[in-house]
Number of protein chains: 2
Amino acid sequence: MRNGTGEILTRLRDGGPLSRAELARQTGISSAGVTKITAQLHGEGLVIEREGQGRPVGRPPVALSLAAGSRQVLAIHLGAGRAQVALSDLALGMGPVRALDFDLEDPVDEIIAATSSLAADVLADADPARGRVLGVGLGVPGSVDATGRVNTHSILAGWRNVAFADAFEAALGLPTVLEHNATAIAMAEARYGAGRDAASILHLFLGKGVGAGFAQTGPEERCAPVEIGHVVVRPGGPVCRCGGQGCLERYFSEDALRTITGAADGPGADLIGAAMHSPAWPEIYELFLQAVSTAVALLGPERVVLGGHLGSAPAAFLAELRRDLPPRVMPQQRERLAIELPSLPEPVGVNGAACIALERFFYTAGPVSAPLSMRRTVGA
Amino acid sequence: MRNGTGEILTRLRDGGPLSRAELARQTGISSAGVTKITAQLHGEGLVIEREGQGRPVGRPPVALSLAAGSRQVLAIHLGAGRAQVALSDLALGMGPVRALDFDLEDPVDEIIAATSSLAADVLADADPARGRVLGVGLGVPGSVDATGRVNTHSILAGWRNVAFADAFEAALGLPTVLEHNATAIAMAEARYGAGRDAASILHLFLGKGVGAGFAQTGPEERCAPVEIGHVVVRPGGPVCRCGGQGCLERYFSEDALRTITGAADGPGADLIGAAMHSPAWPEIYELFLQAVSTAVALLGPERVVLGGHLGSAPAAFLAELRRDLPPRVMPQQRERLAIELPSLPEPVGVNGAACIALERFFYTAGPVSAPLSMRRTVGA
DNA sequence: TTATTTCATACACTAAGTAAATTAAGTTTC
DNA sequence: GAAACTTAATTTACTTAGTGTATGAAATAA
């Protein structure tokens, strides 16, 4: 999926400034090939040359680094009742975030219209000096088809088979790619945030529901949505929004936790902290722990990252989890398992969407519009 | 990872006889490209031309099919105390299986020596008329590194970082690839067996332990080991071989089930059937169900395939699982979830190993020895 | 017979690389 | 201070794996 150009761009992103010789060694591409590819990248202004410091002997290398400000992508996060839009540079440096609120009950067409109108405004205000906008990344609250064009199902919003990519491409005139928002955030943390030096992470996100995403970086990359909110922790328990019974989300989510704290007011600043004082907490925490430890056992991430309300919980919660989770996974996993807070800046949703767009429209093959012939449309 | 040649070989395997025109349509490769590629394949005897039946008008197509008997791979399954070796053709048609028993306590070098000696015998007896042997696939009882060369950890055998690929390549003179044996079997069932027409399967295998593998076919292929045996179902429970406490394997495995049936004799023919009559069964079954439903919720397979003792269990067990599992997963998963028996012939381990070898040495790029330059050795 | 349709191939070309030789720019050795 | 050495980068000619277009091949339909 990733060609020589993409390979080199990715290494420059992850490995700081690198000489051509070093790139050739790391990627296995011939030095001649690296010269050719970097010449093109330099010509397009994507790469900056600086004086590099080499070994004691031999010709000193020229250090290449990514010109992060030379291209942009548009990031759109569709969360529970709120859309956020921002431009990002090539290193996930985000511009100002503009947001709008909507009602999840509204027809999805209206939500699309309002969001794409806001997105068009952001595009219109884009600084041309920061480079061409390569495409749009869209995080949606639900599962996405294999091609990243259709939101197949959203439990939260009740949508089915919404062709977001078509709609946004028509409205904005830019290629668009979709991803499950929780998965996108996991990918962003894995590549640019708390998972930078880990091979794989499980990102847990407590918001309106409990979402999770698994992301693996390195030679074999992949990401997958993890429907941890709909793991059945109490068979035959209360009916969930998803139609199942006894899902974790019925016990561990914004609404559920707010119920046990008794505080029915707005988005409590410290949801977990308040819940921890409730007499119901130990039981609820046990259910959460059970679901998370199973997810860790099955997926085997090197790191667990706590997002949303979990990340803003009091230190006591993190300590508790660091104490209770490791004994519940296999020793060989336990050895390397780290439980961390996210390191990307809020709002994290647009970071996820930007990460997906960058991956698709930049780091796989470079910004060169691929010859049509190369875009195989795999038929039935 | 898969080039045009591999793409075409894969389609011919999965989609029966196909004309060049049909291949071009399905793969998106130009008709000229298909002609070029198939000409080479035909020249190497990998593809057979037959009269095809086309549409009412136009030149009738020539149907191409894979010459399954034109190449072979060597499959080696390393299970709990038993190694099995066989040759396979390109469609997973297995030759006679030869086996040897060993003690898991033996030094791993001795096990390797004995197994590779048996493998060398099988290779020496190989019928040259059935084609060149392209490589070796080795299923090992534990996790494998990303390059498929080292068994990083085996809970069952207690091995760590055993370089099986180096050892077998040296002994047999053939390129060798490793995979976790449970994952390999899952892959084989997904491609050639009970998962042929499903996008993804979760393959459960009850033997000495409980293993599982997840395999996804189609445009985005992947497979992953699923350590379901070491999901903690009773926190703080009895210590497991893995070092954890309260793992599923302590309740649901050959040894554990034999204990509750009281029958301490050899490998009971009907382990599950006997266990179902024990008063302890409902509780044990509940733990199993809990682990499996969570795995299904998190991984989202279209099909669950029951291997090992689960596959040879009485029909009542299958009926029970088909009744109890669906209510524990989300409705959108439930709709399409099927619970099936394996369809590959016993012994299934060598099928898994053969599948891995075929994938690596045949279906990704064809049997053409790739120019060295193309094999990028990705450095640190 | 001639047109139409579909399948397959021939030919000239291109993208993305490779290998080997060469040039470049520094340090070390005598 | 010149020659030897080392590492970095580029040039040149070539290869692989395809593409697009034009053409040939084999059937049915008018």
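In this structure, A:Leu64 places its CG atom 7 Å from P of D:dA9, rounding to the nearest Å. The distance between atom CG of A:Asn3 and atom P of D:dG18, rounded to the nearest whole Å, is 15 Å. Rounding to whole angstrom units, CG of residue A:Leu41 and P of D:dT10 are separated by 13 Å. Whole-Å rounding puts the A:Ile8 CD1 to C:dG17 C1' distance at 11 Å. If you take CD of B:Gln40 and P of C:dT9, they are 14 Å apart, rounded to a whole angstrom. When rounded to the nearest whole Å, the span between CG of A:Leu23 and P of D:dA9 equals 9 Å. Put simply, CD1 on A:Ile37 is 7 Å from C1' on C:dG17, counting in whole angstrom units. Rounded to whole angstrom, the span from the CD1 atom of A:Ile29 across to the C1' atom of D:dA9 amounts to 15 Å.
The residue among A:Thr35 and B:Pro56 whose nearest nucleotide of DNA chain D is located toward the 5' end is A:Thr35. Mapped onto DNA chain D by nearest heavy atom, A:Gly58 and A:Arg20 fall at different nucleotides, with A:Gly58 at the one closer to the 5' end.
For the pair B:Arg222 and B:Phe214, the cation-pi criterion (under 6.0 Å, within 45° of the ring axis) is not fulfilled.
Looking at B:Tyr363, its side chain does come within 3.5 Å of a backbone N or O of B:Leu90 through a donor-acceptor pair. Side-chain atoms of B:Ser143 never come within 3.5 Å of backbone atoms of B:Thr152 as a donor-acceptor pair (strictly under, hydrogens ignored).
Side chain of B:Lys36, nearest nucleotide from D:dA9, D:dA8, D:dT19: D:dT19. Checking C:dT18, C:dC7, D:dA8 against every side-chain atom of B:Arg55, the shortest atom distance belongs to C:dC7. Nearest to the side-chain atoms of B:Thr5 among the listed nucleotides C:dT9, C:dT18, D:dG18 stands D:dG18. With D:dT10, D:dA8, C:dT18 as the choices, the nucleotide that has an atom nearest any side-chain atom of A:Arg25 turns out to be D:dA8. In this structure, of D:dG18, D:dA27, C:dG17, it is D:dA27 that holds the atom nearest to the side chain of B:Pro60. With distances taken from any side-chain atom of A:Val57 to the nucleotides C:dG17, C:dT27, C:dC7, the minimum falls on C:dT27.
In this structure, A:Val62 reaches the sugar-phosphate backbone alone: every heavy-atom distance under 4.0 Å involves primed, P, OP1 or OP2 atoms, never a base.
Atom CG of B:Leu178 is separated from atom CD1 of B:Ile76 by 9.5 Å, given to the nearest 0.5 angstrom.
No more than 12 heavy atoms of other residues, nucleotides or ligands shown are found within 6.0 angstrom of CD on A:Glu220.
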What does the list of N/O pairs under 3.5 Å between the protein and nucleotides 21-24 of chain D look like, with a distance for each?
from: D:dG24; atom 1: N2; to: B:Arg59; atom 2: NH1; distance (Å): 2.7

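Using a 4.5 Å heavy-atom cutoff, the side chains of B:Tyr192 and B:Asn351 are not in contact.
For B:Gln72, there are no side chain to side chain donor-acceptor pair (under 3.5 Å) partners two or more places apart in sequence or in a different chain.
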